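So the structure is just underneath, and the comments pick up after that.
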Amino acid sequence: MIMEGEPVNVNEFQELARQALPKMYYDFFSGGAEDQYTLKENVEAFRRITFRPRILVDVSRINFSTTVLGYKISAPIMVAPSAMHKLAHPEGEIATARAAAASNTIMVLSSMSSCTIEEVASSCNAIRFFQLYVYKNRDVAAQLVQRVERNGYKAIVLTVDAPMLGRREADIKNKMIVPPLKNIEGLVSTEVNNDEGSILEGFAKGALDASLCWRDIGWLRSITNLPILIKGVLTREDAIKATEVGVAGIVVSNHGARQLDYTPATITVLEEVVHAVRGKVPVFLDGGVRRGTDVFKALALGAQAVLIGRPVVYGLAAKGEYGVRKVIHMLKDELELTMALSGCPSVKDITRSHVRTEHEKIHSML
């Protein structure tokens with residue numbers, strides 16, 4: 001399928017990215033773990049949620065701006081952390097950062113980025129967060145945190161669902177290589193001898209700290225004054241623990257379905273987490289967001305904002321900085337239309353009663 005003309009929705013950028021990228025890199029960005037059940041389910045689960053629109057509401061002015069940790073953003077759509085953007089486009093995370101800044105939203109920079117913390121910070125003026133992995137050598141995390149603070153990042157997003165790397169079979173088949181990871185160059189060895197397949201998997205096994213546990217949130221809090229969000233929560237139990245150890249926010253995430261296959265789609269467990277935290281901290285969601293309708297559904301089920309990962313990378317691969325801006329713009333436009341047609345002039349008007357989940361549909365039939 002060769003596409004003609006400009007893409008009209010975010011999904012069409014995926015096809016453009018597939019055409020633009022070498023197979024190894026496209027597979028790396030697009031693939032999930034093992035059978036890829038969760039990968040498909042992250043998207044499909046949104047489709048099973050329907051709307052209960054309200055009519056005859058004045059929607060002549062739609063305001064979808066919101067705040068995240070006190071910072072105002074143009075829409076409840078942020079850029080999720082994802083690794084190695086230079087595999088998608090030569091300008092890498094610098095192009096992504098500029099697009100996020102132009103869109104007046106927050107980018108979460110991955111610690112596995114192919115541009116440094118410093119390069120991204122100096123590329124444009126914007127609110128930025130930093131995603132952190134904790135390596136076996138804890139000093140590396142401490143050094144990253146210091147650099148992040150020095151360069152004006154506003155929060156740490158700690159990924160907690162990757163004590164080991166998930167089994168991504170396309171990467172194993174392709175013998176996926178690890179390009180230079182600029183933030184940890186000289187701090188963590190990326191030299192891996194893994195004849196079995198994915199060098200990335202071998203690198204993670206050697207570098208990531210599988211002993212990371214709840215008490216280490218206290219350690220991280222002791223070395224930074226920045227707010228800490230934890231990314232990778234899928235259950236009520238862990239949501240409650242997170243509030244007890246004093247995190248500033250929770251990202252409901254299954255790592256883009258790249259870690260443990262057969263975890264639930266994030267949108268299906270969002271409400272469970274929201275109820276568990278009882279408004280003590282904001283809850284965010286990533287995974288499967290491809291439409292403005294998806295953003296609305298997540299907000300209706302209690303998310304403060306969503307984070308988008310793959311669509312950003314697909315936009316970047318297809319059309320660089322412009323592509324990322326276009327992806328964010330498309331989602332905003334669709335969200336605006338969804339709000340208007342649902343009778344919600346502002347984000348705070350979006351309520352639980354505006355959506356019906358699959359569970360409720362089944363319940364209403366009983």
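All values below come from the heavy atoms of this structure, side chains included, with hydrogens, waters and symmetry mates left out. No experiment lies behind these values; they were computed from the predicted model shown.
Residues Val306 and Ala298 approach most closely at CG1-CB, 3.6 Å, considering heavy atoms. Here the closest non-hydrogen pair linking Leu316 and Glu321 is CD1-N, 4.4 Å. For the pair Ala318 and Ala17, the tightest heavy-atom approach, listed with the atom from each and the gap, is CB-N, 4.4 Å. Pairing each heavy atom of Phe46 with each of Leu285, the nearest pair is CZ-CD2, 4.0 Å. Of all heavy-atom pairs between Tyr322 and Glu6, the closest is OH-OE1, 3.1 Å. What you find for Asp27 and Ala170 is that their closest heavy atoms are CB-CB, 4.0 Å.
Ion pair Lys241/Glu244 not flagged as a salt bridge, since none of the NZ, NE, NH1 or NH2 atoms sits closer than 4.0 Å to an Asp/Glu carboxylate oxygen. Residues Glu149 and Arg147 are not paired through a salt bridge, judged by the lack of any N-O separation under 4.0 Å between the basic side chain and the carboxylate. A salt bridge links Arg48 with Glu41: at least one charged nitrogen is closer than 4.0 Å to a carboxylate oxygen. Residues Asp209 and Arg138 are paired through a salt bridge, judged by an N-O separation under 4.0 Å between the basic side chain and the carboxylate. Residues Arg352 and Glu271 are paired through a salt bridge, judged by an N-O separation under 4.0 Å between the basic side chain and the carboxylate. Salt-bridge check for Asp294 with Arg290: failed, with every basic side-chain N at 4.0 Å or more from each acidic carboxylate O.
Evaluated for a side chain to side chain contact (heavy atoms under 4.5 Å, CB included) with Ile230, the options Ile217, Val245, Val281 yield exactly one hit, Ile217. With Asn254 as the partner, the side chain to side chain donor-acceptor pair (under 3.5 Å) test is satisfied by one option alone out of Thr266, Asn42, Thr38: Asn42.
In summary, the side chains of Asp286 and Ser253 do present a donor paired with an acceptor at a separation below 3.5 Å, with no hydrogens or angles considered. Looking only at atom types and distance, the side chain of Gln259 has no donor-acceptor partner in the side chain of Arg167 under 3.5 Å away. For Ser114 and His85, the side-chain atoms include no donor-acceptor pair closer than 3.5 Å. Looking at Ser353 and Arg54, their side chains do bring a donor and an acceptor atom within 3.5 Å of each other.
No donor-acceptor distance shorter than 3.5 angstrom exists from the side chain of Arg61 to the backbone of Ser346, with no hydrogens or angles considered. Between the side chain of Thr268 and the backbone N or O of Pro264, no donor-acceptor pair lies under 3.5 Å. Between the side chain of Glu93 and the backbone N or O of Ser113, no donor-acceptor pair lies under 3.5 Å. With hydrogens and angles ignored, the 3.5 Å screen pairs a side-chain donor or acceptor of Asn9 with a backbone N or O of Glu12. Side-chain atoms of Ser103 do not come within 3.5 Å of backbone N or O of Thr105 as any donor-acceptor pair. A donor-acceptor distance shorter than 3.5 angstrom exists from the side chain of Glu272 to the backbone of Arg236, with no hydrogens or angles considered. When atom types are taken as modelled, the side chain of Ser342 and the backbone of Cys344 share no donor-acceptor pair closer than 3.5 angstrom. No donor-acceptor pair under 3.5 Å is formed between the side chain of Ser82 and the backbone N or O of Gly309. Judged by distance alone, the side chain of Gln304 and the main-chain N or O of Thr67 form a donor-acceptor pair under 3.5 Å. Using a distance-only test at 3.5 Å, with no hydrogens or angles considered, no donor-acceptor pair links the side chain of His255 to the main chain of Ala257.
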Determine whether Asn11 and Tyr314 satisfy the following criterion, side-chain hydrogen bond (donor to acceptor under 3.5 Å, both in side chains), listing intermediate values before the conclusion. CA-CA 9 Å; Asn11 290 311; Tyr314 297 149; over 6 Å; no
Check against side-chain contact (heavy atoms from CB on, under 4.5 Å), Glu119 and Ile94: CA-CA 7 Å; Glu119 286 168 339; Ile94 285 172; 4.1 Å; yes
What do the steps show when you test Asn174 against Lys23 for side-chain contact (heavy atoms from CB on, under 4.5 Å), and what is the final call? CA-CA 8 Å; Asn174 294 333; Lys23 184 176 187 301; 4.1 Å; yes
Begin with the C-alpha distance, continue with both residues' side-chain angles, and end with the deciding distance and a verdict on side-chain contact (heavy atoms from CB on, under 4.5 Å) for Val134 and Trp219. CA-CA 11 Å; Val134 176; Trp219 160 77; 4.2 Å; yes
Between Glu34 and Arg258, does a salt bridge (charged side-chain N to carboxylate O under 4.0 Å, His left out) hold up when you go through it step by step? CA-CA 8 Å; Glu34 295 186 353; Arg258 295 162 78 77; over 6 Å; no
Leu220 vs Ile228, side-chain contact (heavy atoms from CB on, under 4.5 Å): CA-CA, chis, key distance, verdict: CA-CA 8 Å; Leu220 186 56; Ile228 296 161; 3.7 Å; yes
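Between Lys280 atom NZ and Ile250 atom CD1 the span is 10.0 Å, to the nearest 0.5 Å. Atoms CG and OG1, from Leu144 and Thr224 in turn, are 12.0 Å apart once rounded to the nearest 0.5 Å. Between Ile62 atom CD1 and Leu341 atom CG the span is 8.5 Å, to the nearest 0.5 Å. Ile49 CD1 to Thr293 OG1: the interatomic distance, rounded to the nearest 0.5 Å, is 10.0 Å.
Val145 is connected to Leu187 through a chain of hydrophobic side-chain contacts under 4.5 Å among Ile, Leu, Val, Met, Phe, Trp and Tyr, so both are in one cluster. Taken together through direct or relayed side-chain contacts under 4.5 Å among Ile, Leu, Val, Met, Phe, Trp and Tyr, Leu165 and Val188 form part of one hydrophobic cluster. Residues Leu337 and Val10 do not share a hydrophobic cluster, clusters being chains of Ile/Leu/Val/Met/Phe/Trp/Tyr side chains in contact below 4.5 Å. Put simply, Val43 and Val269 are part of two different groups of oily side chains (I, L, V, M, F, W, Y) that touch within less than 4.5 Å, one to the next. Criterion: ILVMFWY side-chain heavy atoms under 4.5 Å apart, direct or through other members. Under it, Ile177 and Val313 are part of a common hydrophobic cluster.
Taking 4.5 Å as the limit, every side-chain heavy atom of Leu301 sits out of range of all side-chain heavy atoms of Val274. Proximity of Leu181 to Met84: side-chain heavy atoms (C-beta onward) are separated by under 4.5 Å at one or more points. For the pair Asn151/Tyr153, a side-chain contact is recorded, criterion being any heavy-atom separation below 4.5 Å from C-beta on. For the pair Leu335/Pro76, a side-chain contact is recorded, criterion being any heavy-atom separation below 4.5 Å from C-beta on. Looking at Asn63 and Val347, their side chains never come closer than 4.5 Å, going by heavy atoms from C-beta outward. Within the 4.5 Å cutoff, no side-chain heavy atoms of Pro311 are placed close to those of Phe13. Using a 4.5 Å heavy-atom cutoff, the side chains of Leu39 and Arg310 are in contact. Inter-residue side-chain proximity for Val277 and Ile240 is flagged as unmet; no heavy-atom pair is nearer than 4.5 Å.
Not counting sequence neighbours, Lys326 has no partner by the salt bridge (Lys or Arg N to Asp or Glu O under 4.0 Å) test. For Thr159, the side chain to side chain donor-acceptor pair (under 3.5 Å) partners two or more places apart in sequence, or in a different chain, are Gln131.
Hydrophobic side-chain contacts under 4.5 Å tie Val157 into a cluster, directly or through other members, with Val68, Leu69, Tyr71, Ile73, Met78, Ile106, Val108, Ile127, Phe129, Leu229, Val251, Phe284, Leu307.
Proximity of the aromatic rings of Phe51 and Phe296 is defined here by a centroid distance below 6.0 angstrom, and this criterion is met.
More than 12 heavy atoms of other shown residues, nucleotides or ligands fall within 6.0 angstrom of atom NZ in Lys332.
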